[in-house]
Amino acid sequence: MAARLLLCFALSPLAAAAIYRLDDNTGLGPEFDGIGGLSGGGATSRLLVNYQEPYRSQILDYLFKPNFGASLHILKVEIGGDAQTTDGTEPSHMHYEDDDNYFRGYEWWLMKEAKKRNPNIKLVGLPWAFPAWISGGANWPYVYPDRTAFYISSWIHGAKLYHNLDIDYVGIWNERSYDRKYIMVLRQTLDKVGLKNVGIIAADGKWGIANDLIVDPYLSDAVEIIGAHYPGTVSSSNARKTGKKLWSSEDYSTVNNDIGGGCWARILNQNYVNGNITSTIAWNLLASYYKELPFGQDGLMTADEPWSGHYEVQSPIWITALYITWGHWPVEIGVLCENSSAKTLGDGESYVENVKT
């Protein structure tokens, strides 16, 4: 018999008076893919690299060390594009066509630190912007899809060649239009250069790409995961009809006080309950930029004083720990949850039952 653990977030003082029957007769629901954090969009982890030890390692432990703090399953990073992308600029690995440098910026270092603590963590890359040479100055990366696909595949290849990092997934273009031809070319390019194991997440906006996937089998074959941003805990019927994994590939974006922690708890539970969304990735991983910048303190925790070593471990870290550590979600990903035992109870309450198989 499978052991069960019930995770409840009771938002009403009357919750204890209600009795809810748990029933797994309808079988298992979607496989849970984990909780993640997003570094980028942009320069949101910038101050972390300036922390001295032991404070820097302590911060990294709270984010990535298994069974310690957040114990994140997924780290998503910006593929730098030499452009201001919210709170700063992250450098490209190719400022121009004949340029190759896979040591610029700090995302390579951050991914290695995450892997050092949890070798099973999944890595995701997504561009927010592209250097001008990609489009010949047109500011549209789909003008030359082969060139753009080469640029992205080079970043993935460089991660492996220079840092021994295996990128698991790559996206198209953050919260911008997607292009069918480019997605197909990107898939073909990845396959051609030996990166068949790298999955494509599309399209990091709304659920609209699902409408194309259900009528275009070739496009559907190219996309592994449908990723939407801030879905409001719901997915579209067409997204569910595709049979693909559905991720909230960017979510949260809330000040990390106690109210923000409650918001994060609701999102984590109800994304699965309402939308069959099997992974939620927080923007941002770490508020390591000055509070005065846009979206100040919108990270899972705050580390914005490298000169003093001060950092703050706020409630979103412990909410995540509740799911992953106290709730016994395994670090290696792959927990199954029962559809019939993941429900909205009313008055803002919900629960997800963890099935151990």
Side-chain angles (χ1 to χ4, degrees), residues 36-50 63 74-115 121-142 144 147-176 182 186 189-190 195 198 200-201 203-204 227 229 249-250 281-290 293-295 298-299:
L38 202 169
S39 173
T44 53
S45 306
R46 175 61 188 87
L47 297 177
L48 175 61
V49 294
N50 296 110
L63 295 169
I74 301 165
L75 172 60
K76 182 176 179 179
V77 303
E78 177 177 354
I79 300 175
D82 294 338
Q84 203 290 121
T85 54
T86 302
D87 288 303
T89 300
E90 301 206 19
S92 170
H93 59 289
M94 298 177 74
H95 291 319
Y96 46 88
E97 191 167 3
D98 297 326
D99 175 44
D100 280 287
N101 187 318
Y102 298 92
F103 295 92
R104 294 182 183 128
Y106 48 84
E107 303 293 6
W108 314 105
W109 166 82
L110 183 61
M111 287 189 283
K112 287 190 287 188
E113 291 295 322
K115 278 286 188 180
I121 196 168
K122 298 295 184 183
L123 300 177
V124 183
L126 176 67
W128 264 249
F130 298 85
W133 67 267
I134 294 285
S135 61
N139 196 30
W140 191 249
Y142 307 135
Y144 306 107
R147 186 183 295 179
T148 306
F150 167 74
Y151 172 81
I152 294 298
S153 63
S154 295
W155 183 85
I156 299 170
H157 180 69
K160 180 64 174 178
L161 181 63
Y162 295 100
H163 302 284
N164 197 31
L165 292 168
D166 292 304
I167 304 300
D168 297 285
Y169 301 102
V170 67
I172 306 303
W173 191 12
N174 181 69
E175 296 180 357
R176 300 293 294 272
Y182 169 66
L186 178 60
T189 302
L190 293 173
L195 297 171
V198 178
I200 291 177
I201 300 176
D204 283 292
H229 287 194
S249 50
E250 182 179 322
I281 299 175
W283 188 88
N284 52 65
L285 170 75
L286 175 69
S288 201
Y289 51 98
Y290 300 120
L293 289 170
F295 306 99
D298 276 17

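Source: prediction; values computed, not measured.
- Judged by distance alone, with hydrogens and angles left aside, the side-chain atoms of Glu113 form no donor-acceptor pair with the main-chain N or O of Lys115 at under 3.5 Å.
- Tyr96 and Asp98 are not linked by any side-chain donor-acceptor pair at a separation below 3.5 angstrom, with hydrogens and angles left out of the test.
- Classification of the Trp283-Phe295 ring pair by plane angle, with boundaries at 30° and 60°, yields perpendicular.
- Closest approach of Asp87 and Ala43 over heavy atoms only: O-CB, 4.1 Å.
- The heavy-atom pair separating Ile172 from Pro127 by the smallest distance is O-CG, 3.2 Å.
- Note: His163 and Trp108 have parallel aromatic rings, judged against thresholds of 30 and 60 degrees for the angle between ring planes.
- Here the shortest heavy-atom pairing between Leu75 and Ala114 reads CD2-CB, 3.9 Å.
- A donor-acceptor distance shorter than 3.5 angstrom exists from the side chain of Arg147 to the backbone of Trp133, with no hydrogens or angles considered.
- For Ala149 against Thr189, the heavy-atom pair with the smallest separation is CB-OG1, 3.5 Å.
- Judged purely by atom type and a 3.5 angstrom limit, Thr86 uses its side chain to pair as donor or acceptor with the backbone of Gly41.
- When all heavy atoms are compared, the tightest approach of Leu47 to Tyr289 is CD1-CA, 3.8 Å.
- Side-chain N/O atoms of Ser39 and Glu107 include a donor and acceptor closer than 3.5 Å.
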